[in-house]
Amino acid sequence: MKILGPVQLEVDGLPVRLTPLTVRLLVRLVAAEGEAVPVRQLRRDVWGLSDEPRHLDQRNRNEVQKRVLELRRALAPGQDSAGTNILRTEQQATVQGPETAYRLVLGLEELDSARFTAIVSGALLAPPATAAHRLAEALSMVRGRPLAEVNGEGFAMPFIRRLTVLQETARRELVRVQTDLGRPELALPVAELIVRERPDDAEAARVLDTLRAELRARHGSELLRHRVPLPGQRADVVLVRGDLFDQADCNLVVGFTDTFDTETAEDLVISRESVQSQLVDRVFAGRRRLLDDKLRAGLRKVKAAGTESVRSKPLGRRVRYPVGTTVVVPIDGRRVFATAYSQLGNDLVARSSDRDLQLSLENLWASVAVHGLFKPVAIPLIGSGLARVTDLDRGQLVALIVDSFIDACRRYPALTPELRLVIRPQELARTDLTPVEQRFQDLVPGPRAAD
């Protein structure tokens with residue numbers, strides 16, 4: 001029987017229809033919580049009859065018996081004796097003599113409020129993980145206010161008040177244990193519900209504010225996070241504000257020109273502010289020749305696209321490789337993926353296009369699939385620096401990188417658990433993230449739900 005919401009009697013899992021008076025009789029007996037209720041009390045509470053003799057004629061007495069019989073048949077259809085075991089008839093001694101009373105006897109599994117009470121009571125003494133599971137189970141049983149059909153009537157108030165207090169206790173305890181388990185995101189909706197129902201509760205409001213602050217702090221430098229919406233994929237796309245070389249748990253992607261230059265003297269070939277220069281300083285401790293040796297080793301298997309003469313290109317390296325060439329550079333259990341996405345002109349100006357960038361990304365993901373060790377991959381906003389892809393703004397560059405990654409996830413199911421696109425703080429104000437958010441909305445099937 002369900003009373004944590006609209007009263008519903010079920011037999012073998014199927015709802016049983018009762019007349020309104022019989023429902024009211026059932027509710028009155030449930031509210032007694034296993035105590036016997038004298039017929040005189042039932043007349044007052046269910047039928048609204050007083051104890052005056054003129055109201056106690058045989059017709060009224062028969063009405064009580066008629067509803068009791070209907071209820072017994074509903075509780076145990078086709079089993080007369082079973083019905084009397086569930087709804088028992090007793091005799092109580094009174095000053096006026098023996099008086100008939102009725103007691104409803106339901107087991108723990110037969111009444112949802114009894115099961116709710118038992119689960120919550122046990123959860124309050126359980127360790128946090130067990131408590132969280134049991135409290136969530138108990139609260140899922142509540143479909144509304146208990147005994148809503150008689151809410152406000154005196155005989156039901158103690159029972160309703162007890163269940164209401166127990167429900168509030170369960171909610172507050174669930175917020176506490178989920179917080180203790182480090183799951184503020186699971187505690188938040190329960191805390192919001194408490195505040196919505198009790199807007200004047202200062203302590204509940206304080207707890208809610210604390211949870212929201214903790215969740216905001218969790219984002220830290222995170223600007224965006226989406227799961228790649230493809231079947232069987234568990235890869236996330238994350239945008240963070242920060243420094244590429246602070247991503248110590250990731251493989252790194254560094255963009256190069258088609259000559260793979262690293263010389264930064266006097267900023268003539270490569271700028272000291274470039275990502276390539278930072279790679280030398282931050283990862284190779286300034287040992288440029290060590291990086292050059294690793295790049296040369298990786299390029300030995302790549303067919304050159306051509307070689308410039310000293311006269312046409314007096315500075316920098318003269319051997320050119322196809323745009324899209326990716327060299328894997330091992331570093332302390334990680335990889336640097338050096339990918340050529342631009343061409344360095346003989347005038348030492350790097351130039352690229354969206355097609356060049358798309359090609360380099362396609363080759364990059366193919367290399368990550370083979371050599372990435374299934375580690376997260378951190379990539380800067382390549383195409384936004386000196387070798388700028390002039391026909392795309394920063395937001396479109398983000399969207400292009402994300403689109404190419406999602407396409408790669410279709411080809412390589414175990415590509416990486418996370419693509420981390422790192423945007424420098426000074427770039428953020430000039431980067432519209434709307435295009436990439438729109439990409440994920442367009443990819444999610446069905447109606448769009450507000451986050």
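Hydrogens, waters and symmetry mates play no part in the numbers below; they use all other heavy atoms, side chains included. Note that the numbering runs from 1 along the sequence shown for the chain. Being a predicted model, the structure only gives us computed values, none of them experimental.
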Tell me, please, which residues at least two apart from [X] pass salt bridge (Lys or Arg N to Asp or Glu O under 4.0 Å).
X: R234; result: none
X: K375; result: none
X: R183; result: none
X: E214; result: none

task = Start with the C-alpha gap between Q358 and R355, add the side-chain angles, then the distance that decides, and say whether side chain to side chain donor-acceptor pair (under 3.5 Å) holds.
result = CA-CA 5 Å; Q358 183 69 51; R355 294 182 63 182; over 6 Å; no
Under 3.5 Å, side chain of [X] to main-chain N/O of [Y], donor-acceptor pair present?
X: S121; Y: A118; result: no
X: S353; Y: D356; result: yes
X: S360; Y: L357; result: yes
X: R334; Y: C250; result: yes
X: S352; Y: Y341; result: yes
X: Q178; Y: V175; result: no

Electrostatic pair [X]-[Y], nearest N-O below 4.0 angstrom:
X: D112; Y: K2; answer: no
X: E173; Y: R134; answer: no
X: D236; Y: R420; answer: no
X: R424; Y: E427; answer: yes

Quick one: does [X]'s side chain get under 4.5 Å of [Y]'s, heavy atoms only?
X: V327; Y: K294; result: no
X: V328; Y: F337; result: yes
X: L223; Y: L428; result: yes

Return the minimal non-hydrogen interatomic distance between [X] and [Y], and the atom names on each side.
X: I119; Y: A138; result: CG2-CB, 3.8 Å
X: P417; Y: F374; result: CD-O, 3.4 Å
X: A378; Y: V422; result: CB-CG2, 4.3 Å
X: A191; Y: L211; result: CB-CD1, 3.6 Å
X: A350; Y: S342; result: CB-OG, 4.1 Å
X: A131; Y: V177; result: CB-CG1, 4.2 Å

task = Could you please spell out the steps behind the side chain to side chain donor-acceptor pair (under 3.5 Å) verdict for Q276 and Q278?
result = CA-CA 5 Å; Q276 299 96 314; Q278 294 179 57; over 6 Å; no
[X]: which residues meet the side chain to side chain donor-acceptor pair (under 3.5 Å) condition with it, sequence neighbours left out?
X: Q233; result: none
X: Q92; result: none
X: S140; result: none
X: R103; result: E90

ask   = Crowded around D249 CG? As in, over 12 foreign heavy atoms under 6.0 Å?
value = yes
Spatial distance of atom CD1 (I86) from atom CG (L71) [nearest 0.5 Å] = 9.0 Å
task = With rounding to the nearest 0.5 Å, note down the distance linking CD in Q41 to CZ in F155.
result = 9.5 Å
message = Would R225 and V237 count as a side chain to side chain contact (heavy atoms under 4.5 Å, CB included) here? Give the steps.
response = CA-CA 6 Å; R225 177 181 288 271; V237 173; over 6 Å; no
Kindly list each side-chain donor-acceptor pair under 3.5 angstrom involving residues 14-32, sequence neighbours excluded, with atom names and distances?
residue, atom, partner, partner atom, Å
T19, OG1, T22, OG1, 2.8
T19, OG1, R67, NH1, 3.2
T19, OG1, E70, OE1, 3.2
T19, OG1, E70, OE2, 3.4
T22, OG1, E70, OE1, 2.5
T22, OG1, E70, OE2, 3.4
R24, NE, D45, O, 3.4
R24, NE, V46, O, 3.1
R24, NH1, E153, OE2, 2.9
R24, NH2, D45, O, 3.0
R24, NH2, E153, OE1, 2.7
R24, NH2, E153, OE2, 2.7
R28, NE, D45, OD2, 2.7
R28, NH2, D45, OD2, 3.2

message = For the residue pair R72 / T89, report whether a side-chain donor-acceptor contact shorter than 3.5 Å exists.
response = yes
query = Is it true that the side chains of T339 and T326 contain a donor and an acceptor less than 3.5 Å apart?
reply = yes
key: Residues L87, V68; criterion side chain to side chain contact (heavy atoms under 4.5 Å, CB included); working and verdict   = CA-CA 8 Å; L87 179 52; V68 167; 3.8 Å; yes
Acceptor/donor pairs from residues 156-172 side chains to any protein atom, 3.5 angstrom cut, sequence neighbours excluded:
residue, atom, partner, partner atom, Å
R162, NE, E33, OE1, 3.1
R162, NH1, T117, OG1, 3.4
R162, NH2, E33, OE1, 2.8
T164, OG1, I160, O, 2.8
E168, OE1, R198, NE, 3.4
E168, OE1, R198, NH2, 3.3
E168, OE2, R198, NE, 2.7
E168, OE2, R198, NH2, 2.5
T169, OG1, V165, O, 2.9
R171, NH1, E197, OE1, 2.7
R172, NH1, D201, OD2, 3.4
R172, NH2, D201, OD2, 2.6

Trace of the side chain to side chain contact (heavy atoms under 4.5 Å, CB included) decision for R206 with T210 = CA-CA 6 Å; R206 185 195 65 77; T210 301; 3.8 Å; yes
inquiry  = Determine whether L224 and E437 satisfy the following criterion, side chain to side chain contact (heavy atoms under 4.5 Å, CB included), listing intermediate values before the conclusion.
reply    = CA-CA 8 Å; L224 173 153; E437 283 285 357; 3.1 Å; yes
query = For A340, what residues pass the side chain to side chain contact (heavy atoms under 4.5 Å, CB included) criterion, not counting sequence neighbours?
reply = F260
In residues 402-409, what donor-acceptor pairs under 3.5 Å come from side-chain atoms, sequence neighbours left out?
residue, atom, partner, partner atom, Å
D403, OD1, R439, NE, 3.0
D403, OD2, R439, NE, 2.6
D403, OD2, R439, NH2, 3.2
S404, OG, W365, NE1, 3.0
S404, OG, I401, O, 2.8
D407, OD1, R410, NH1, 2.7

